[in-house]
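Just so you know, ligand 1 is whichever comes first in the structure, and atom 1 is the first atom listed for that ligand. Being a predicted model, the structure only gives us computed values, none of them experimental. For the single chain, residues carry numbers from 1 onward in sequence order.
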Amino acid sequence: MEDFEVTPWKASGDINYEKLIKKFGVSPITDSMKQLIKDVFGEIPLEVRRGIFFSHRDLDKVLKDFKEGRKPYLYTGRGPSGPMHIGHALPLIFTRKLQEKFDTFVLLQFTSDEKFLYNPELGPEQVYNYTFDNIRDVLALGFDPDKTYVIEDFRHIKYLYQIAVSVAKRITYSIVRAVFGFTNETNIGMLFFASIQAAPAFLGYFMDDVYNCLIPAAIDQDPYWRVARDVAVKIKLPKPTQIHGKLLPGLKKDVKMSSSVPESAIYLSDDRKRVKKKLMNAFTGGQPTVELQRKKGGNPSICVVFDYYKFLFEEDDKALKERYERCRAGELLCGECKMDLVDRVSRFLENHQKTKASIKDKDIERVMIDNKIDLHSLVNEFKMLR
Ligand code: TRP
């Protein structure tokens, strides 16, 4: 048994990402890959520079194709199991940046069905409420509405179904059992769902002239892509490619930000008072007393507060390094460091909440896939599916 666990539905323990790279059979983002990214984009995005997006499959192919004028499309998603926290926003913010860099369209899948199937307590009405609240949050992160297609599984299944069935035809029970750890008690909806999440990884080819599907997502979603890549060859479509992110650590030690542990997470809807309370109680690398901290310095490498600066709230590499060093030297005390973070997080959230409130129903309708592409033309294209 490992001392950590990462599945699409659960993450716990002190996650060792190097081990995950080996276990999942993905490739680390090496220095030469970073150089390639720089060649193509003119810079290395913060998330890659800092190792927050740290592994991939076939990203080199995507970048080389792009360099030669062959565009990818992007695909990512959100499982609406509750209100969103800043950990959920991380891969979406990165996806939005990639959308700008590649100047391409993005498919955003909201898996209301997955969450309904997985959680015995969740009724359709509640999932629906979360779904529309989450869509508002995601749009508020700044996706270009002209190049964004929202797929809400319940409402838009027609756009996915034929691809999903072709995919499902090539996945056996023994494969999903092995990849996802399903058991005899798992409901059959969950088995089929693997092909619903795979479908948008192929849908883009029927929509536009694109060469690759690049999926930016947290590494916990990887089992879905493993299955989808195996199937791609069989249905004669390109294998979906990925760039994988780390999970934002929770405020308490060794728990991922989780909707089921409210104090572990900062929600996109939190006000300053809540943010302050949560951050003041967060796990840090500080010493038990001020005297010891002055004498020995803190340990930013294990500090959740420092992680938040690194993952989201300090854009400037130099300032981040200075913060690290001042902590190590015992110059910066946890109280000051936390208060500074409270300010930054609250400012971010206030802006976010304002933007979210300004999103109208018609703005949501505008990005819904059924209002953007005609199903009949797609169905015609689907005829080539095997
Ligand atoms: N299963 C994901 C979740 O629970 C949602 C999702 C659907 C997704 N498609 C995706 C996430 C593509 C990343 C990329 O959050």
Side-chain angles (χ1 to χ4, degrees), residues 6-11 24 26 47 53 55-57 59 72-96 98-99 105-119 122 127 130-131 133-135 137-138 141 143 148-157 159-160 163-164 167 176 179-182 189-204 212-229 232 239-248 256-260 265 268 369:
V6 178
T7 76
W9 307 284
K10 196 171 153 236
F24 287 177
V26 298
E47 291 82 351
F53 273 74
S55 71
H56 73 100
R57 282 203 185 92
L59 181 62
Y73 75 99
L74 300 169
Y75 160 42
T76 193
R78 156 79 189 143
S81 54
M84 285 177 68
H85 57 58
I86 58 175
H88 297 135
L90 184 69
L92 290 154
I93 292 171
F94 183 55
T95 303
R96 190 207 60 212
L98 291 178
Q99 180 180 42
F105 68 94
V106 58
L107 302 185
L108 299 173
Q109 180 180 41
F110 289 80
T111 55
S112 28
D113 49 351
E114 176 190 24
K115 297 303 154 178
F116 174 71
L117 286 165
Y118 181 71
N119 186 339
L122 213 51
V127 189
Y130 288 143
T131 302
D133 174 70
N134 289 184
I135 291 176
D137 273 316
V138 172
L141 296 174
F143 288 95
T148 300
Y149 298 81
V150 167
I151 302 166
E152 191 283 295
D153 285 352
F154 281 144
R155 176 166 154 179
H156 300 131
I157 188 63
Y159 288 79
L160 304 178
I163 300 175
V167 170
V176 285
V179 172
F180 294 96
F182 290 154
M190 287 301 289
L191 309 193
F192 184 69
F193 178 77
S195 59
I196 306 252
Q197 183 154 327
F202 302 113
L203 179 61
N212 294 292
C213 170
L214 175 61
I215 307 173
I219 185 90
D220 63 339
Q221 297 298 308
D222 189 69
Y224 286 113
W225 319 135
R226 246 176 284 158
V227 173
R229 284 171 64 87
K239 286 185 179 184
T241 67
Q242 291 89 45
I243 179 161
H244 302 107
K246 293 182 179 169
L247 303 161
L248 183 68
K256 156 181 111 147
M257 279 213 163
S258 160
S259 309
S260 48
L268 294 178
I369 193 165

Quick one: nearest non-hydrogen protein atom to [atom], plus distance?
atom	result
atom 3 (C) of ligand 1	Gly79 N, 3.4 Å
atom 2 (C) of ligand 1	Gln221 OE1, 3.3 Å
atom 9 (N) of ligand 1	Tyr75 OH, 2.8 Å

Angle between ring planes, Phe180 versus Phe182, binned at 30° and 60°: parallel, tilted or perpendicular?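 Rings of Phe180 and Phe182: parallel, as their planes differ by under 30°.
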Once you measure the plane-to-plane angle for Tyr118 and Trp9, does it fall in the parallel (<30°), tilted (30-60°) or perpendicular (>60°) bin?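 Aromatic pair Tyr118/Trp9 classed parallel.
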Report yes if [X] has an N/O atom closer than 3.5 Å to an N/O atom of ligand 1; otherwise report no.
X	value
Trp225	no
Gly77	no
Tyr224	no

List every atom of ligand 1 that sits less than 4.0 Å from any heavy atom of [X], numbering the atoms from 1 in the order shown and giving each element.
X	value
Gln197	1 (N), 2 (C), 6 (C), 7 (C), 8 (C), 9 (N), 10 (C)
Thr76	10 (C), 12 (C), 13 (C), 14 (C)
Thr111	5 (C), 7 (C)
Lys115	4 (O)
Glu114	1 (N), 2 (C), 3 (C), 4 (O)
Ala217	13 (C), 14 (C)
Arg78	5 (C), 6 (C), 15 (O)

Test applied, side chain to side chain contact (heavy atoms under 4.5 Å, CB included); reference residue, Val150; option that passes from Ile135, Ile369, Leu107, Thr131: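 Passing option: Ile135.
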Is there a heavy atom in Tyr118 that sits closer than 4.0 Å to ligand 1?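 False for this residue.
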Does His88 have a non-hydrogen atom less than 4.0 Å from ligand 1?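 No, His88 has no heavy atom closer than 4.0 Å to ligand 1.
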Atom [atom1] in [X], atom [atom2] in [Y]: separation rounded to 0.5 Å?
X	Y	atom1	atom2	answer
Leu117	Leu191	CG	CG	10.0 Å
Met84	Leu92	CE	CG	5.0 Å
Asp220	Lys10	CG	NZ	13.0 Å

Identify the two heavy atoms, one from Val176 and one from Ala194, that lie closest to each other, and give their separation to 0.1 Å.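 Smallest heavy-atom distance, with atoms named: CG1-CB, 4.2 Å.
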Could you check whether any side-chain N or O of [X] sits under 3.5 Å from a backbone N or O of [Y], counting only pairs where one atom can act as donor and the other as acceptor?
X	Y	value
Thr76	Leu108	no
Tyr73	Gly204	yes
Gln109	Ile196	yes

